[in-house]
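Below is one structure; the comments refer to it alone.
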Amino acid sequence: MSNRTEEGLKALGKKSEYSMNYNPEVLETFHNKHLENDYFVKLNCPEFTSLCPITGQPDFATIYISYIPDELMVESKSLKLYLFSFRNHGDFHEDCVNIIMKDLIRLMQPRYIEVWGKFTPRGGISIDPYCNYGKPNTKYEKMAEQRLWWHDLNPEKVDNR
């Protein structure tokens with residue numbers, strides 16, 4: 001997986017080239033200029049699509065990515081290209097959100113990250129997998145455990161999907 005920093009950003013400012021197959025190599029990073037602060041970066045990605053690995057039918061979701069950066073942050077255009085690369089990728093909803101999280105952990109080594117997929121229903125059921133990670137042996141590891149327990153304490157009323 002690429003770990004380019006802002007000096008070598010390849011996607012930003014250029015015509016987008018979309019990979020038609022899963023491609024974590026398009027992910028790029030830049031340096032966090034506020035290492036002394038804990039803060040969340042939330043990325044809302046309402047146009048995520050992947051394919052059902054059994055039927056080949058498209059699945060649609062909003063992917064929410066929230067993270068507390070350490071030294072590196074994900075560049076947003078590269079994230080868009082990466083998420084688009086799932087368009088022809090066949091995997092279950094739960095697998096997609098875990099793959100996204102693991103790829104972003106490898107890329108950035110964040111202090112904390114969570115990925116939540118809110119998929120539109122097929123067959124009358126919507127599936128909303130959530131996963132998270134806190135850097136081991138830090139306060140973020142405990143935070144991840146607590147947020148996992150309470151992540152859906154106040155679930156939204158689902159009537160708009």
Exercise: identify the closest heavy-atom pair between [X] and [Y]:
| X | Y | answer |
| --- | --- | --- |
| G134 | A144 | N-CB, 3.4 Å |
| L79 | C45 | CD2-SG, 4.5 Å |
| Y39 | N37 | CD2-O, 3.6 Å |
| P129 | V97 | CB-CG2, 3.7 Å |
| R87 | T49 | CD-OG1, 2.9 Å |

Where the side chain of [X] meets the backbone of [Y], is there a donor-acceptor pair that is under 3.5 Å apart?
| X | Y | answer |
| --- | --- | --- |
| S78 | L27 | no |
| T138 | K135 | yes |
| K42 | Y67 | no |
| N98 | E94 | yes |

Is the shortest side-chain heavy-atom distance between [X] and [Y] below 4.5 Å?
| X | Y | result |
| --- | --- | --- |
| V74 | E28 | no |
| I99 | H89 | yes |
| C96 | S50 | yes |
| F40 | S66 | yes |
| D91 | L51 | no |
| P24 | D103 | yes |
| I105 | I113 | yes |

**Request:** Check the pair D38, K139 against salt bridge (Lys or Arg N to Asp or Glu O under 4.0 Å), reporting the backbone distance first and the verdict last.
**Result:** CA-CA 11 Å; D38 276 341; K139 64 183 178 182; 3.1 Å; yes
**Asked** For L104, which of L43, I65, T29 qualifies under side-chain contact (heavy atoms from CB on, under 4.5 Å)?
**Response** I65
For [X], side chain to side chain donor-acceptor pair (under 3.5 Å) partners two or more places apart:
| X | result |
| --- | --- |
| R147 | Y112, E114 |
| H93 | none |
| D59 | R122 |

**Asked** Under the side chain to side chain contact (heavy atoms under 4.5 Å, CB included) criterion, do T120 and T62 qualify, and how do the steps go?
**Response** CA-CA 8 Å; T120 56; T62 297; over 6 Å; no
**Residues in ring pair (Phe, Tyr, Trp, His ring centres under 6.0 Å) contact with F48, at least two apart in sequence or another chain** = F86
**Prompt:** Can you name the residues that form a ring pair (Phe, Tyr, Trp, His ring centres under 6.0 Å) with F84, not counting sequence neighbours?
**Reply:** Y18
**Prompt:** Does F92 sit in a hydrophobic cluster with other residues, and if so which ones, taking ILVMFWY side chains as linked at heavy-atom separations under 4.5 Å, directly or through other members?
**Reply:** I54
**Message:** Connecting only ILVMFWY residues whose side-chain heavy atoms lie within less than 4.5 Å of each other, what is the rest of F60's hydrophobic cluster?
**Reply:** none
**Complete:** So ring pair (Phe, Tyr, Trp, His ring centres under 6.0 Å) across residues 120-141, not counting sequence neighbours, yields W116-Y130, Y130-H151
Check side-chain contact (heavy atoms from CB on, under 4.5 Å) between [X] and all other residues, then give those that pass, not counting sequence neighbours.
| X | answer |
| --- | --- |
| N137 | E141 |
| S85 | S19, Y22, N23, Y82 |
| S76 | none |
| L35 | N32, D70, E71, R111 |

**Fill in**
To the nearest 0.5 Å, atom NZ of K33 lies from atom CE of M73 at 10.5 Å
**Request:** Please indicate whether E47 has more than 12 foreign heavy atoms, meaning atoms of other residues, nucleotides or ligands, lying under 6.0 Å from its CD.
**Result:** no
